[in-house]
There are 4 protein chains.
Amino acid sequence: MAGNSFGQAFRISTFGESHGVGIGVVIDGCPAGLEIDLDFIQSELNRRRPGQSEITSPRNEADIVEILSGVFQNKSTGAPIALFIKNNDQRPDDYEHIKENWRPGHADFTYDQKYGFRDHRGGGRSSARETAARVMAGAVAKLLLAHHDIQISGYVSSVADIHVTLPYTQLDLEKTEENIVRCPEKATANKMIALIENIRDTGDTVGGVITCVAKKVPSGLGEPVFNKLQADLAAAMMSINAAKGFEIGSGFEGTKLKGSEFNDAFAADIDRKGHPRFKTITNHSGGVQGGISNGADLVFNVAFKAVSTLMKAQQTVDKEGKSVVLEGKGRHDPCVLPRAVPIVEAMCAIVLADHWLRNKMARMED
Amino acid sequence: MAGNSFGQAFRISTFGESHGVGIGVVIDGCPAGLEIDLDFIQSELNRRRPGQSEITSPRNEADIVEILSGVFQNKSTGAPIALFIKNNDQRPDDYEHIKENWRPGHADFTYDQKYGFRDHRGGGRSSARETAARVMAGAVAKLLLAHHDIQISGYVSSVADIHVTLPYTQLDLEKTEENIVRCPEKATANKMIALIENIRDTGDTVGGVITCVAKKVPSGLGEPVFNKLQADLAAAMMSINAAKGFEIGSGFEGTKLKGSEFNDAFAADIDRKGHPRFKTITNHSGGVQGGISNGADLVFNVAFKAVSTLMKAQQTVDKEGKSVVLEGKGRHDPCVLPRAVPIVEAMCAIVLADHWLRNKMARMED
Amino acid sequence: MAGNSFGQAFRISTFGESHGVGIGVVIDGCPAGLEIDLDFIQSELNRRRPGQSEITSPRNEADIVEILSGVFQNKSTGAPIALFIKNNDQRPDDYEHIKENWRPGHADFTYDQKYGFRDHRGGGRSSARETAARVMAGAVAKLLLAHHDIQISGYVSSVADIHVTLPYTQLDLEKTEENIVRCPEKATANKMIALIENIRDTGDTVGGVITCVAKKVPSGLGEPVFNKLQADLAAAMMSINAAKGFEIGSGFEGTKLKGSEFNDAFAADIDRKGHPRFKTITNHSGGVQGGISNGADLVFNVAFKAVSTLMKAQQTVDKEGKSVVLEGKGRHDPCVLPRAVPIVEAMCAIVLADHWLRNKMARMED
Amino acid sequence: MAGNSFGQAFRISTFGESHGVGIGVVIDGCPAGLEIDLDFIQSELNRRRPGQSEITSPRNEADIVEILSGVFQNKSTGAPIALFIKNNDQRPDDYEHIKENWRPGHADFTYDQKYGFRDHRGGGRSSARETAARVMAGAVAKLLLAHHDIQISGYVSSVADIHVTLPYTQLDLEKTEENIVRCPEKATANKMIALIENIRDTGDTVGGVITCVAKKVPSGLGEPVFNKLQADLAAAMMSINAAKGFEIGSGFEGTKLKGSEFNDAFAADIDRKGHPRFKTITNHSGGVQGGISNGADLVFNVAFKAVSTLMKAQQTVDKEGKSVVLEGKGRHDPCVLPRAVPIVEAMCAIVLADHWLRNKMARMED
């Protein structure tokens, strides 16, 4: 009933705190016989790690993945796969000043309310460092999905009010990794970077939106009625630190469309053997109908608020209710978006791997 | 692994199809000793039922709730509570024309892909009629929450591009039920109704947004890291038919704020006994920090697309891939929003009841 | 967290009380496309129903199954299958005398302790009538397993100290249904029946053991380490009313064997294509190794205590702690064993169907 | 759906293999504020560790517990508690001879059948070494239960056909740890030890029965109908390596009793304030009625087969189906019983901690 596991067939349980021994994940349900490419897991972690560029936190953690169980001769055995990262660059002293008061926008207050006390070092369990565990598990999910040609690509589509100008269908998503803000549109990326640097220099922070696209998702994934694909994706995304919104396909903007405009009309190609292959002409739905993937691209957006920790003074209260001024300290990101891209992709991969497995039980064998 | 259950401590499992025997729900985990007010459950169902006004589906179902189990002498016994509604006004012939082809925007295609065939009568399991089960279960959850003074109020905040003009804090939410579109701002409500009637008369449909507010939610609800309150709410909302987006607090719009603007500063009142009572001055977060309620109002929005079924001709394909024209038939809503208000509230109540119970296990008794 | 659901992939949730509206079950996870033979479900219920012979309860319930959802044109659709039996022959007045005191051996006391009060009519939720729901769900599981040739046969192997004389391998299990006590060894069956009749005539009751055999179970079912096949079977069996023990293979008696005696040696036949087909020469393990089926017969025993309700006076206490004499009243079985055979089979079928589905996800496709 | 987690409110997930990096467990749901006594966890591990006496495996692992997360200033924080033991004394070469063939009685064959291949080193995941993780988690559960005075005591009640002569009520369970076989009856313990040494010297192994008693369990624990206390206990016990049977209270032997003999009559003491305190005069039920604890001692037995690995030659087959002779190799226990006592206790503690937490949600607060 505690909430540190996610997924049903491909089920992950994460553990660890920002300034504890390390961060880990146990994956239960990865099918046996999957080649576990450790370099790939590491490369995904590298996309998330702090200190990777001038616009991310200067905390310098190499974040080296270690396999604790579940892999033999480079293959998953069907046993739980435990992955672990040791924490190295800890500076708990950076957090002594927040021991007795609560940072605005942070989980400090609510953890104290819920649990009676808290591990205040770097946010403890509430730190976004926990997402490293998700990225490791997501990398394994991606390896599983790659066997079925499913590809997941996230990118930063807006920072504050700077947006990409083109829809994803006209972007070259291979270019996302070419700049430090992870936006595939070069000119927009440059504007975003400039904005983040400006904001950083004032000690402030800024939010934005990540768009994620999954291609070659087969039709049939998703379990009506409560585990609709978009419901599980929404839960996955909204469980990421700082996420404040989720929308699929046309989302909020699409509520302004009439049914005759929104509906994605079906069409069919006839293949060489005379069998019809179905598709929709438009994709306002974002790849799901009735909670089940329809074979079109899966497309969704996730809104992230600005990072709560500022490098400038903020007014708050202490545990006695006295007003105090909180100085900005520690090492933090001015904008969470660039590092959140691999996290969004990871959670998407976990949801899809879970539903891929679950869908195997949907019908009697013919 | 199939997805017809929701919640962990307060767990509901729904069953039934649009044109089958009826629609039902089993609630497992309702504490013993709760007074079950059947009239209240019925009144909630009445808010959802078709045929309630000129802007809803003319399907005329009284939707009378029947208790099958779990209640003795008007109290919950701790046993599963099963609630059931018989289907009465079924016209399966209305659906013969869609047996061999797929309605755009509907689950017809994806159900066929996933399960190999489908109950095509009125959408079968994919029909929004399933949400009647959620409303019944939500009513029980509301009864549980009422013991702790928690109140949930949903309202239609936009239809197409017609929006309420004031934030919820300046609206009188008691007026929501005073008009058929369930918008508490009278002038806006009239515009919405006029728009929906216009759209209906052209055989088309329209979408919009529902805002939901839960007041007096105590701090402490929500289970890090995957069952954050906003994650479970998002899953709940995105599992509702036609939902395409979810946002909490400032949501997507809030991504444009800087951290210094977004952060909700803490303040404290000192009560008569000299104890501090904490609150936040603003509520951009929408009542959650680190996935746990902070005692402020819980506020979120849900985006609904326009209803897929049109009362006018649409182009589609049949199972052989041939182009066909689908005539509009059956009895459908031109706009799902007014009837979705009690559904959104119900799912919110179920999430909060679930987390209320789960939170009992968060810490050692003092 | 409340406990009215069982299974993960093939998941059942039961509801209903002895003297309420009826008894039902929702099956979530039955694959689409399974032919649902209503007559078969009914015939399984008939094997469990009261009033079927002189040695069972004279309560006369026809127990007619009704399908509420999930079946279309006689096939499962992938939606939850809800099955229901109306209660007919209720005599709540028979239970007025136990309202204020607790029957020895019954759940009366513990339900009051746990829930604060109870539905005392006929035991309410704690009545063995709840098992009718399991038999319905088990019948659906049997239909699923029949597609894979798996057959489940239970029989009464002892009543008090009267035992079958032969191991199951030498019994003709087709003869189980030829007598009212459901023991395939005719002479032993007659002794059992005579004993039960004697006991019944004194107003007393008697216990015994059911043996259950599942043939043609493929190797590979069972999920280490906690959902070992024998662990899930044990949970299933020990959840049946009056069950007090479970053992698989040689069980308790086998603890006296040395390893060299217990170990089931492997052998291999070479088939016509030159491929080895493996088997064990003995079957002390009862068909499982390391929690996974090995292809041998699955064999286990379930111990049932004597029915608690006697048709003679018993000493007990009332809610104030005063000694009272409880008269025997109502309509009860002198021996639960004959009617428990289909219940044991049903729970076995549910476990096997669940693991059949779960095993589909065990490894990467080749 | 994979089976490496157990419990719902107090939920454990184990990972690790016999000859991998180590063995670990993640506990999710331990309430915040519990003092985590590392020495106690270590002392429980010491009771399970190999090499502790002449009648256990000579494998010499210190099995030092390490806390990876969830504990801050010696208290649980509400975050997942991860505990880990590094493997030290590995000799994978000892297992090269079983790479291509299957040990009788072991999981070798079934793991190959299920997963397509296996980590053959020391049994990999199927090794009883996994139970070290359970003992660590069980120690935390015991710390939780100790707050409520619940005590759990297991002991070896039989080895082969040598039995304790007295019922547990007449034994001094504090003496269990005074001898290496963990039987509180000294004379019987000596006979057991002599037998095990004899068996060991012939290269053979032997089984037996463990009895477990939980005292001061309050009434009310257990969740009808599928998570009856005895059902969850049975699942817990039957998931332990080599367990073949479970019985509660009078168990299999009790099936010979008549209802009038079996029923535990109620009695009541009147306390000083005039309130009745209820108890049962006998305890054939073993502390549960209707699946819920009744306040009497919880008593159950677990049957363990003889260890499969022999230190003498056995006939088996290889993967091609050829007969081969398997030499006894490695370091193994001649009798699993003495080391299984802390494992049985641990699983019992986990079940009780889980139900303790779950019971908090059973009824409305008064």
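Lettering follows sequence order; numbering is per chain, from 1. Keep in mind it's a predicted model, so treat the numbers as computed, not measured.
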Trainee: Considering only heavy atoms, which portion of B:Lys319 lies under 4.5 Å from any heavy atom of chain A: side chain, backbone, both, or neither?
Mentor: backbone

Trainee: Are any of the side-chain heavy atoms of A:Gln289 and B:His106 separated by less than 4.5 Å?
Mentor: no

Trainee: If I compare all heavy atoms of B:Ala107 with all of A:Gly290, which pair ends up nearest, and what's the gap?
Mentor: CB-CA, 3.6 Å

Trainee: Name the region of A:Met347, side chain, backbone, both or neither, that has any atom closer than 4.5 Å to a heavy atom of chain B.
Mentor: side chain

Trainee: Counting only heavy atoms closer than 4.5 Å, note whether B:Glu320 contacts chain A via side chain, backbone, both or neither.
Mentor: backbone

Trainee: For the residue pair A:Phe262 and B:Lys244, establish whether any side-chain heavy-atom pair is separated by less than 4.5 Å.
Mentor: yes

Trainee: So which residue, B:Ala243, B:Ala268, B:Ala160, ends up with the most heavy-atom pairs under 4.5 Å with chain A?
Mentor: B:Ala160

Trainee: Where does B:Ala267 contact chain A at under 4.5 Å (heavy atoms): side chain, backbone, both or neither?
Mentor: backbone

Trainee: Has the side chain of A:Asn263 got a donor or acceptor atom that lies under 3.5 Å from a matching backbone atom of B:Ser308?
Mentor: yes

Trainee: Side chains of A:Lys305 and B:Leu257, heavy atoms from C-beta outward: is any pair under 4.5 Å?
Mentor: no

Trainee: Quick one: closest heavy-atom pair of A:Phe252 and B:Phe246, and the distance?
Mentor: CE1-N, 3.6 Å

Trainee: Could you tell me which non-hydrogen atom of A:Phe304 sits nearest to which non-hydrogen atom of B:Thr255, and how far apart they are?
Mentor: O-CG2, 3.5 Å

Trainee: Report yes if some heavy atom in the side chain of B:Pro224 is under 4.5 Å from a heavy atom in the side chain of A:Tyr111; otherwise report no.
Mentor: yes

Trainee: What is the minimum heavy-atom distance between A:Asn4 and B:Val225, and which atoms define it?
Mentor: OD1-N, 3.3 Å

Trainee: Shortest non-hydrogen contact from B:Asp264 to A:Pro104?
Mentor: O-CB, 3.8 Å

Trainee: For a quick check under 3.5 Å, do B:Ser260 and A:Asp204 share a side-chain donor-acceptor pair by atom type?
Mentor: yes

Trainee: Using the ring of each side chain (for Trp, its six-membered ring), is A:Trp102 parallel, tilted or perpendicular to B:Phe278, with breaks at 30° and 60°?
Mentor: perpendicular

